[in-house]
Colleague: 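Sharing a structure, written as structure tokens. Questions coming.
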Amino acid sequence: MGKYESIHQPAAAPSGLAAIDLGAGARIETPVILAPMSGVTDLPFRRLAKAEGAGMVVSEMIASWAMVRENRNTLRMAEVDGCGGLSSVQLAGCDPVAMAEAARLAVDRGADLIDINFGCPVKKVAVGQQAGSALMRDECAAARILEATVAAVAVPVTLKMRMGWDHASLNAPRLAQIAEAAGIRLVTVHGRTRQQFYTGRADWGFIARVKDAVAIPVIANGDILTEDDAAEALRRSGADGVMLGRGCYGRPWFARQVAHYLRTGTRLADPSLSRQKDVLLAHYEAVLGHFGRDAGLRLARKHLAWYSRGLPGSAGFRATVNRLADAGQVIRLVHDFYDPLIARGVARDLRSDVADLQAAA
């Protein structure tokens with residue numbers, strides 16, 4: 001059966017998963033998408049997630065003004081993966097002119113899609129810059145940004161947003177209609193308000209109101225940590241696909257598992273622990289190569305922690321990793337930690353893994 005094994009046949013299979021055609025030659029064959037996550041979805045992780053089965057990947061959120069100024073770090077964040085399929089660059093900002101110019105630059109550098117961020121809840125963005133989720137409070141300003149960005153590029157433009165600023169202003173359905181009228185080709189909705197940040201539970205049922213309001217495809221996002229979550233999110237929302245965030249921490253193969261389950265109703269087992277170790281080491285080397293050994297070592301620590309979650313002795317492994325300042329020592333530690341577990345036939349405790357992910361918000 002290959003490296004992933006079917007291990008369960010549910011009583012009632014999910015409803016399925018169809019490709020999404022956005023026009024202009026952009027087609028999402030598998031609408032199980034890696035979410036843009038600051039400090040997580042850098043180029044090495046996006047490449048890995050796509051290789052492991054994500055139907056599309058989206059860059060970290062990029063400030064439009066920094067893109068226009070061609071900030072070196074920003075341009076590195078906007079680099080596309082070059083692994084085939086679609087790659088999207090997500091932009092944030094409150095100035096239509098800067099957003100349009102940033103979109104042109106991103107497309108010139110290889111972006112297949114431009115995604116506009118109306119969902120970031122972070123105070124620095126939403127309050128300090130009046131960008132991200134703050135634009136859900138100003139529909140006129142939002143419309144100007146959407147129209148300017150769509151007009152600036154020939155590739156499809158998409159939008160990611162929340163339900164609204166707070167529960168007194170759940171205007172995502174209306175803003176989705178504004179986006180559709182401006183030429184936006186797809187909308188992703190995180191089932192929380194800005195004021196919730198990442199607390200509580202995502203309201204997948206609310207996303208159905210957005211789906212009912214527009215004819216363009218809608219993607220459901222928020223709290224999709226298992227295959228069953230993905231199926232239930234689609235059932236409640238009626239959405240055309242799902243976007244995965246924290247569920248991919250330490251599990252870059254999770255998108256493949258979700259897509260398989262949604263299409264067949266059968267589950268794919270996690271890769272063997274030996275293969276998980278190989279994926280971890282390849283990811284680690286890619287991070288070192290992309291960011292340099294010193295910066296890469298620091299940036300990779302969180303990924304090493306996520307890969308080891310759910311394994312016996314992982315707390316001690318994480319504590320030691322965080323103390324090491326030499327990249328070679330980290331590689332030796334990975335071997336010393338994983339090899340005895342592999343020899344004993346140990347598997348990750350997925351129940352613990354998911355519980356930790358739920359607590360990571």
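Hydrogens, waters and symmetry mates play no part in the numbers below; they use all other heavy atoms, side chains included. Residue numbers run from 1 in the order of the sequence given.
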Colleague: State whether the side chain of R162 and the backbone N or O of F197 hold a donor-acceptor pair below 3.5 Å, judged by distance alone.
Modeller: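 Present.
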Colleague: Residues in side chain to side chain contact (heavy atoms under 4.5 Å, CB included) with N322, at least two apart?
Modeller: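 If we apply the side chain to side chain contact (heavy atoms under 4.5 Å, CB included) test to N322, skipping adjacent residues, the hits are R301.
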Colleague: Taking the side chain as everything from C-beta on, heavy atoms only, tell me whether S237 gets closer than 4.5 Å to F206.
Modeller: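 A side-chain contact under 4.5 Å is absent here.
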Colleague: Side chains of residues 32-45: which donor-acceptor pairs under 3.5 Å do they make with residues two or more places apart or in other chains?
Modeller:
from: T41; atom 1: OG1; to: M37; atom 2: N; distance (Å): 2.9
from: T41; atom 1: OG1; to: M37; atom 2: O; distance (Å): 3.1
from: D42; atom 1: OD1; to: F45; atom 2: N; distance (Å): 3.1

Colleague: Any ring pair (Phe, Tyr, Trp, His ring centres under 6.0 Å) involving residues 157-178? Give me the pairs, sequence neighbours left out, ordered by first then second residue.
Modeller: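 Every candidate ring pair (Phe, Tyr, Trp, His ring centres under 6.0 Å) pair involving residues 157-178 fails, so no pair, neighbours aside, qualifies.
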Colleague: Do the side chains of V242 and N221 get nearer than 4.5 Å, heavy atoms only?
Modeller: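 They are not in side-chain contact.
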Colleague: Could you go through the salt bridge (charged side-chain N to carboxylate O under 4.0 Å, His left out) check for D240 and K211 one step at a time?
Modeller: CA-CA 9 Å; D240 302 279; K211 178 63 180 171; 2.7 Å; yes
Colleague: Quick one: do E79 and R76 make a salt bridge, cutoff under 4.0 Å?
Modeller: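 No, E79 and R76 are not salt-bridged.
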Colleague: Show the nearest heavy-atom pair for residues G53 and R256, with the distance to one decimal.
Modeller: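 Residues G53 and R256, closest heavy atoms: N-NH2, 3.9 Å.
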Colleague: For the CG atom on D294, are there more than 12 heavy atoms of other groups (residues, nucleotides or ligands in this structure) within a distance under 6.0 Å?
Modeller: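 Not more than 12 within 6.0 Å, no.
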Colleague: Provide the closest heavy-atom pair for D112 versus P156 in the form atom of the first, atom of the second, distance.
Modeller: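 Nearest pair, atom of D112 first, then P156: O-CD, 3.9 Å.
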Colleague: So, D223 and R246, do they make that salt bridge, N to O below 4.0 Å?
Modeller: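 Counted as a salt bridge, because a side-chain N and a carboxylate O are separated by less than 4.0 Å.
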Colleague: Does R293 pair with D326 as a salt bridge, N-O distance under 4.0 Å?
Modeller: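 Looking at D326 together with R293, the answer is no, because their closest N to O distance does not fall below 4.0 Å.
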Colleague: Do R318 and S308 touch side chain to side chain, with heavy atoms closer than 4.5 Å?
Modeller: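 Yes. Closest side-chain heavy atoms under 4.5 Å.
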Colleague: Passes side-chain contact (heavy atoms from CB on, under 4.5 Å), I114 versus V155? Steps please.
Modeller: CA-CA 7 Å; I114 297 298; V155 303; 4.2 Å; yes
Colleague: Are K277 and D339 close enough, and set up right, to give a salt bridge (charged side-chain N to carboxylate O under 4.0 Å, His left out), and what steps lead you there?
Modeller: CA-CA 9 Å; K277 174 193 165 188; D339 288 352; 2.6 Å; yes
Colleague: Are M61 and V57 grouped together when hydrophobic residues (ILVMFWY) are joined by side-chain heavy atoms under 4.5 angstrom apart?
Modeller: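 Different hydrophobic clusters.
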Colleague: Could you give me the CA-CA distance, side-chain angles and deciding distance for D166 and Q196, then say whether side chain to side chain donor-acceptor pair (under 3.5 Å) is met?
Modeller: CA-CA 8 Å; D166 54 29; Q196 284 182 281; over 6 Å; no
Colleague: State, with a plain yes or no, whether a side-chain heavy atom of M243 is found less than 4.5 Å away from one of K160.
Modeller: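 Side chain of M243 against side chain of K160, heavy atoms only: contact under 4.5 Å found.
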Colleague: Counting C-beta onward and ignoring hydrogens, is there a side-chain heavy-atom pair between M136 and M161 closer than 4.5 Å?
Modeller: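 In contact.
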Colleague: Is there a donor-acceptor pair closer than 3.5 Å between any side-chain N or O of T188 and the backbone N or O of I219?
Modeller: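 Pair absent, no side-chain N/O of T188 close to backbone of I219.
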Colleague: With a 4.5 Å cut-off on side-chain heavy-atom distances among I, L, V, M, F, W and Y, is there a chain of contacts connecting Y198 to V122?
Modeller: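 Hydrophobic grouping puts Y198 apart from V122.
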Colleague: I'd like to know if the side chain of E227 and the backbone of R267 have a donor-acceptor N/O pair within less than 3.5 Å.
Modeller: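 A pair under 3.5 Å: no.
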Colleague: Between D228, T266, T226, which is the residue that forms a side chain to side chain donor-acceptor pair (under 3.5 Å) with Y261?
Modeller: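 Per the side chain to side chain donor-acceptor pair (under 3.5 Å) rule, the option paired with Y261 is D228, out of D228, T266, T226.
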Colleague: Are any of the side-chain heavy atoms of M99 and M67 separated by less than 4.5 Å?
Modeller: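 They are not in contact (no side-chain heavy atoms under 4.5 Å apart), so the answer is no.
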Colleague: If Ile, Leu, Val, Met, Phe, Trp and Tyr residues are connected whenever their side-chain heavy atoms lie under 4.5 Å apart, and connections chain through other members, are L105 and I145 in the same group?
Modeller: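 Yes, because L105 and I145 connect within a single hydrophobic cluster, where side-chain heavy atoms sit under 4.5 Å apart.
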Colleague: Will you find, in the side chains of R348 and Q276, an N or O donor that is under 3.5 Å from an N or O acceptor?
Modeller: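 Side chains of R348 and Q276: pair found under 3.5 Å.
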Colleague: If only side-chain N and O atoms count, and only distance matters, is there a donor-acceptor pair under 3.5 Å linking S87 with K50?
Modeller: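 Yes, side-chain donor-acceptor contact under 3.5 Å.
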Colleague: Salt bridge check, D81 against R47: does any charged N sit closer than 4.0 Å to a carboxylate O?
Modeller: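 Not counted as a salt bridge, because no side-chain N and carboxylate O are separated by less than 4.0 Å.
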Colleague: Hydrogens and angles aside, do D115 and Q90 bring a side-chain donor and acceptor to less than 3.5 Å of each other?
Modeller: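 Note: D115 and Q90 side chains meet the donor-acceptor criterion.
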Colleague: Under 3.5 Å, side chain of E180 to main-chain N/O of A215, donor-acceptor pair present?
Modeller: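 Such a contact is found between E180 side chain and A215 backbone.
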Colleague: Could you check whether any side-chain heavy atom of L22 comes within less than 4.5 Å of a side-chain heavy atom of R27, counting everything from C-beta outward?
Modeller: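 A side-chain contact under 4.5 Å is absent here.
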Colleague: Can a donor-acceptor pair be found between the side chains of D138 and Q130 at a distance below 3.5 Å?
Modeller: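 No, Q130 and D138 have no side-chain donor paired with an acceptor closer than 3.5 Å.
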Colleague: Quick one: do V214 and V187 satisfy side-chain contact (heavy atoms from CB on, under 4.5 Å)? Show the steps, please.
Modeller: CA-CA 9 Å; V214 294; V187 172; 5.8 Å; no
Colleague: Does G200 offer a backbone N or O that forms a donor-acceptor pair with the side chain of R192 under 3.5 Å?
Modeller: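 Yes: the side chain of R192 pairs with the backbone of G200.
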Colleague: Give a yes or no on whether I331 and L48 share a hydrophobic cluster (residues Ile, Leu, Val, Met, Phe, Trp, Tyr; joining criterion: side-chain heavy atoms under 4.5 Å apart).
Modeller: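 Yes, I331 connects to L48 through the hydrophobic network.
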Colleague: Quick check: do V89 and I62 have side-chain heavy atoms less than 4.5 Å from each other?
Modeller: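 The answer is yes, as the side chains (C-beta and beyond) meet within the 4.5 Å cut-off.
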Colleague: Say whether T30 and R263, considering side chains only, have a donor N or O and an acceptor N or O under 3.5 Å apart.
Modeller: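 On atom types as modelled, these side chains qualify, holding a pair under 3.5 Å.
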Colleague: Any side-chain to backbone donor/acceptor pair from N171 onto R174? Under 3.5 Å, distance only.
Modeller: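 Such a contact is absent between N171 side chain and R174 backbone.
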Colleague: Would you call D270-R251 a salt bridge at under 4.0 Å N-O?
Modeller: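 Salt bridge flag = no for R251 with D270.
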Colleague: Describe, in one word, how the ring planes of W306 and Y249 are oriented to each other, choosing from parallel (under 30°), tilted (30 to 60°) and perpendicular (over 60°).
Modeller: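 The arrangement is parallel - the two ring planes meet at less than 30°.
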